[in-house]
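From a predicted model like this one, the values you see are computed outputs, not experimental measurements.
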Amino acid sequence: ALAIITSNGGIEARFEEHAKVSAAFKAGLTALGLSQVPLSADQAANTLTAVRFPAGVTGADLLPKLKTHGIAVAGGLHKEIKAE
């Protein structure tokens, strides 16, 4: 694992790669009209994306459908926004 982390430019390059991929993924979500739990981009992690469900869609409806396409996601964990 250490060889993988330190290859291709070292750990700082890996951090930059994660930031780029995260920004692109989050921009795609925004383009689709989806919102995220963090209120601003500087509060969002690069290795985790917390997306709110689209209006009218529940986790019970969406999560099994995503799983059939090989997409692994978890439902909301915070009790105040669990259904969002």
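- In this view, Thr30 satisfies the side chain to side chain donor-acceptor pair (under 3.5 Å) rule with no residue, not counting sequence neighbours.
- By the side chain to side chain contact (heavy atoms under 4.5 Å, CB included) test, Pro38 is found to be paired with Gln36, Gln43, Ala44, Ala50, residues two or more places apart in sequence or in another chain being considered.
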Expected list for residues 14-25: side-chain donor-acceptor pairs under 3.5 angstrom, two or more places apart:
unit_1: Ser22; atom_1: OG; unit_2: Lys26; atom_2: NZ; d: 2.7
unit_1: Ser22; atom_1: OG; unit_2: Asn46; atom_2: O; d: 3.4

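- Residues satisfying the side chain to side chain donor-acceptor pair (under 3.5 Å) criterion with Ser40, sequence neighbours excluded, are Asp42.
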Can you give each donor-acceptor pair under 3.5 Å made by side-chain atoms of residues 58-73, sequence neighbours left out, with the distance rounded to 0.1 Å?
unit_1: Thr58; atom_1: OG1; unit_2: Asp61; atom_2: N; d: 3.2
unit_1: Thr58; atom_1: OG1; unit_2: Asp61; atom_2: OD2; d: 3.0
unit_1: Thr68; atom_1: OG1; unit_2: Lys65; atom_2: O; d: 2.7

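- When the side chains of ILVMFWY residues are joined at heavy-atom separations under 4.5 Å, either directly or via intervening members, Leu32 and Val51 end up in a single hydrophobic cluster.
- Summarising the hydrophobic clusters (Ile, Leu, Val, Met, Phe, Trp, Tyr; side-chain heavy atoms under 4.5 Å, direct or chained), the residues clustered with Ile81 are Val37.
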